2 protein chains.
Amino acid sequence: MKDGPDIARIAALIGDPARANMLGALMTGKALTATELAHEAGITPQTASSHLRKLLEGGLVRLRGQGRHRYYALSGADVAATLESLMGLAAGRGHLRTRTGPRDAALRKARVCYNHLAGERGVMLYRSMITKKLLIETDDDVGLTPMGERFADAFGIDLAALRAKRAPLCRPCLDWSAREHHLAGSLGRAMLSRMESLGWLDRQPESRVIRFTAKGEAAFDARFSA
Amino acid sequence: MKDGPDIARIAALIGDPARANMLGALMTGKALTATELAHEAGITPQTASSHLRKLLEGGLVRLRGQGRHRYYALSGADVAATLESLMGLAAGRGHLRTRTGPRDAALRKARVCYNHLAGERGVMLYRSMITKKLLIETDDDVGLTPMGERFADAFGIDLAALRAKRAPLCRPCLDWSAREHHLAGSLGRAMLSRMESLGWLDRQPESRVIRFTAKGEAAFDARFSA
DNA sequence: TCCATGTTTCGACTATTGTCGAAGTATGAA
DNA sequence: TTCATACTTCGACAATAGTCGAAACATGGA
């Protein structure tokens with residue numbers, strides 16, 4: 001069986017605990033420096049440097065040098081999707097962390113997935129926008145309906161600016177905890193950022209956990225509960 | 001970053017070349033014996049036994065003992081989906097096999113993906129069934145329309161028997177080479193098997209490659225080219 | 001210029017683990 | 001029972017690769 005792409009190479013790349021932790025930290029979508037990633041993984045900067053070079057050569061991360069800092073980020077949404085897929089397998093097989101702390105429950109509720117909202121609330125948002133015909137699923141993709149465009153505008157999102165970028169506006173992204181889709185793409189990112197500036201939620205530093213404020217929870221439910 | 005499921009564990013499991021080859025061989029959906037898998041991976045039976053135990057403990061494969069043979073198979077469609085996702089990453093990053101033989105082109109054209117048709121022809125089939133309104137995509141899933149039921153019946157597929165099983169009838173499955181969906185689920189399996197018994201195609205032993213016969217190619221194009 | 005900080009390279013150590021030979025267990029057939 | 005086949009366990013070897021200390025390199029600020 002020497003057919004197809006070399007799957008073992010990238011799987012081995014993800015398979016080291018230190019590198020997996022780094023990739024997990026990058027799932028927030030933010031770019032992090034080498035030392036920050038070393039701290040996240042619990043290793044020294046030298047070791048982290050070696051790992052990051054391998055991830056870079058493997059094409060899993062992208063590098064943006066800025067002065068004496070070197071910012072690493074996931075190289076694309078497809079990497080994030082594959083990582084989520086692996087998390088789904090691990091979770092489904094009962095291979096959770098040795099210690100499942102209180103953060104685990106918080107993660108299932110709401111978390112950042114490559115800069116957009118994931119977890120129960122992310123799925124809730126997606127489902128609500130589908131049933132309200134703000135989003136429509138076509139073939140493999142999702143798209144904004146005319147009604148959805150008006151909604152986004154009223155929600156305070158500059159669609160024209162988003163469309164100017166190359167990145168796709170809407171993307172479905174599979175959720176490892178809920179096993180349903182949530183909204184990714186530049187619109188997904190913009191909506192999370194908008195909710196943050198509205199004071200609906202707090203993003204915990206150095207973690208994927210998202211905590212909704214009381215006000216935010218009420219406002220979210222009012223709009224997206226059905 | 002100690003959040004979420006333990007992704008490194010399963011990634012490391014897939015990350016060994018011998019195990020990756022075994023999993024690749026199991027992507028046909030057929031159950032294989034330990035020695036067959038050893039041969040596929042190019043290792044001795046002793047080594048294969050050790051690997052298979054790890055895959056079993058990791059929950060990636062399922063074991064069905066039968067006499068003195070032990071048949072291994074992928075534990076579920078989610079494993080196959082994750083493997084395809086990894087193949088997509090590897091292919092997209094240019095990390096193909098060192099030697100891309102002629103089988104690679106054949107794989108892109110038509111192959112078995114966990115017992116259903118994948119590759120260009122698989123995507124073709126899926127797209128055709130969508131545009132002809134035989135299938136309809138709803139939310140995350142796909143379903144058969146009334147017109148689709150009549151079509152399946154005329155094609156010689158026993159829908160009632162398929163529905164009696166627990167497995168979902170239709171499932172979209174992302175294709176690593178075409179980056180589009182093709183049809184999985186028990187209907188996908190049944191259609192591939194029906195095409196085989198119609199003499200449209202030959203499944204090569206011990207490989208994922210599917211070769212269409214001249215007659216089968218013509219018949220397939222006549223029905224699913226648009 | 002000098003110093004502090006972020007990052008990488010080098011070298012050596014260690015642990016892990018994939019590998020196979022040899023022997024042992026289990027199943028089925030004669 | 002005896003033999004053959006399928007598979008596993010055990011033990012030992014070797015190679016890979018993750019780890020860190022020490023030192024070098026690069027950048028920015030004073």
Side-chain angles (χ1 to χ4, degrees), chain A residues 1-2 6-26 30-73 95 98 206, chain B residues 1-2 6-26 30-58 60-73 95 98 205-206:
Chain A
M1 187 65 187
K2 280 152 263 162
D6 193 353
I7 174 180
R9 213 155 131 187
I10 36 169
L13 224 43
I14 306 174
D16 176 76
R19 286 195 292 263
N21 285 335
M22 289 181 174
L23 291 171
L26 291 174
K30 291 201 302 186
L32 299 176
T33 66
T35 19
E36 284 171 328
L37 286 169
H39 185 256
E40 284 290 326
I43 53 179
T44 59
Q46 309 96 297
T47 310
S49 176
S50 157
H51 284 309
L52 287 168
R53 186 163 42 100
K54 288 173 185 175
L55 288 175
L56 205 56
E57 284 168 359
L60 295 185
V61 300
R62 182 166 42 81
L63 174 61
R64 181 170 49 106
Q66 201 167 72
R68 56 181 158 183
H69 293 276
R70 310 196 74 175
Y71 284 92
Y72 290 91
H95 288 308
T98 45
E206 313 295 326
Chain B
M1 189 64 187
K2 281 151 265 164
D6 193 353
I7 173 180
R9 214 155 130 187
I10 36 171
L13 224 44
I14 306 172
D16 175 76
R19 286 194 293 262
N21 284 336
M22 291 181 175
L23 292 171
L26 291 175
K30 290 201 303 186
L32 299 176
T33 66
T35 18
E36 284 171 328
L37 287 168
H39 184 255
E40 283 290 326
I43 53 180
T44 60
Q46 309 96 298
T47 311
S49 176
S50 156
H51 285 309
L52 287 169
R53 187 165 40 101
K54 287 174 186 173
L55 288 175
L56 204 57
E57 283 169 359
L60 294 186
V61 300
R62 182 165 44 80
L63 173 62
R64 183 170 49 105
Q66 201 167 72
R68 56 181 159 184
H69 293 278
R70 309 194 75 176
Y71 284 92
Y72 290 91
H95 289 307
T98 46
E206 313 296 325

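Each chain gets a letter, A, B and so on, in the order the sequences are listed, and its residues count up from 1. This structure is a prediction, so every number in the text was calculated from the model and none was measured.
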**Asked** Which of these, A:Leu26, A:Leu23, A:Leu55, sits in a side-chain contact (heavy atoms from CB on, under 4.5 Å) with A:Leu37?
**Response** A:Leu26
Look up atom [atom1] in [X] and atom [atom2] in [Y], then write down how far apart they are to the nearest 0.5 Å.
| X | Y | atom1 | atom2 | answer |
| --- | --- | --- | --- | --- |
| A:Arg62 | A:Tyr71 | CZ | OH | 13.5 Å |
| B:Glu40 | B:Asn21 | CD | CG | 8.0 Å |
| B:Tyr72 | B:Arg64 | OH | CZ | 12.5 Å |

**Prompt:** Looking for any heavy atom pair under 4.0 Å, which part of the strands does B:Tyr72 touch: base, sugar-phosphate only, or nothing?
**Reply:** sugar-phosphate
Do any side-chain atoms of residues 45-54 of chain B form donor-acceptor pairs under 3.5 angstrom with protein atoms, and if so which ones, sequence neighbours left out?
unit_1: B:Gln46; atom_1: OE1; unit_2: B:Thr44; atom_2: OG1; d: 3.0
unit_1: B:Thr47; atom_1: OG1; unit_2: B:Thr44; atom_2: OG1; d: 3.0
unit_1: B:His51; atom_1: ND1; unit_2: B:Arg19; atom_2: NH1; d: 3.1

[atom1] of [X] versus [atom2] of [N]: gap in Å, rounded?
| X | N | atom1 | atom2 | answer |
| --- | --- | --- | --- | --- |
| B:Leu52 | D:dA6 | CG | P | 16 Å |
| B:Leu32 | D:dC7 | CG | C1' | 16 Å |
| A:Leu37 | D:dG18 | CG | P | 16 Å |

Can you see which heavy atom on [X] is nearest to which on [Y], and at what distance?
| X | Y | result |
| --- | --- | --- |
| A:Ile14 | A:Leu60 | CG1-CD1, 4.0 Å |
| A:Ala8 | B:Ala20 | CB-CB, 3.6 Å |
| B:Ile43 | B:Met22 | CD1-CE, 3.7 Å |

**Message:** Going 5' to 3' along DNA chain C, between which two nucleotides do contacts with chain B fall, using a heavy-atom cut-off of 4.0 Å?
**Reply:** C:dG18 to C:dG28
**Item:** B:Arg53 side-chain N/O to D:dT9 phosphate OP1/OP2 under 4.0 Å
**Value:** yes
**Item:** Distance test, side-chain N/O of A:Lys54 to OP1/OP2 of D:dA17, below 4.0 Å
**Value:** no
**Contact state string [nucleotides 19-30 of chain D, B base, S sugar-phosphate only, - no protein heavy atom under 4.0 Å]** = SBBB----BS--
